[in-house]
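All heavy atoms count here, side chains included; hydrogens, waters and symmetry mates do not.
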Amino acid sequence: MKLFNWSNKKDQQDKEIQTQVDFLQAENDQLLDQVESLKLDISEARSENEHLKEALNRSTFRQGLIKMTIGMSILIVSYALLVLVGERNTNLPWLLLIEAVFLFLMLNRGESK
């Protein structure tokens, strides 16, 4: 009789273990599906990021901003050089204004092409 109860207990434990294994397998499958969907989301986000980077690089606003920064940098360097050379303060605004107009015309000339 004890032997019969022993095998019955063992069968019951095996069934419990099997249900736990099945539950863990189902949870594992669900987590794998979530990981796959996250991988797809990441790849879509990367492709969208690349598209936006290309659009930003082609944007005329960014190109204009870069050209303006270059022009302002040239004006600042020119001012520093004129001060180092010892140019009189009365001539500095006129020289910088002439240079600014020249830079403006040259930088905007590339946009019309």
Check for me, please, whether [X] and [Y] land in the same ILVMFWY cluster - side-chain distances under 4.5 Å, paths through other members count.
X	Y	value
Val83	Met72	yes
Met68	Ile70	yes
Ile66	Leu75	yes

Within-4.5 Å side-chain heavy-atom neighbours: Gln34 and Leu31: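 Yes, close enough: below the 4.5 Å cut-off.
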Indicate whether any N or O donor in one side chain lies under 3.5 Å from an N or O acceptor in the other, for Asp22 and Gln18.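 On atom types as modelled, these side chains qualify, holding a pair under 3.5 Å.
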Distance check, rounded to the nearest 0.5 Å: [X] atom [atom1] versus [Y] atom [atom2]?
X	Y	atom1	atom2	value
Leu84	Tyr79	CG	OH	10.5 Å
Leu52	Leu56	CG	CG	8.5 Å
Ile42	Ser47	CD1	OG	12.0 Å
Ser78	Ile98	OG	CD1	12.0 Å

Open item on the list: Under a 3.5 Å distance rule, please check whether Thr19 uses its side chain to pair with a backbone N or O of Lys15 as donor and acceptor.
Closed with: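 Such a contact is found between Thr19 side chain and Lys15 backbone.
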Practice prompt. Among residues two or more places apart or on two chains, list those pairs meeting salt bridge (charged side-chain N to carboxylate O under 4.0 Å, His left out) that have a residue in residues 28-49.
Written response: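 As it turns out, the salt bridge (charged side-chain N to carboxylate O under 4.0 Å, His left out) pairs with a partner in residues 28-49, which skip direct neighbours, are Glu36-Lys39.
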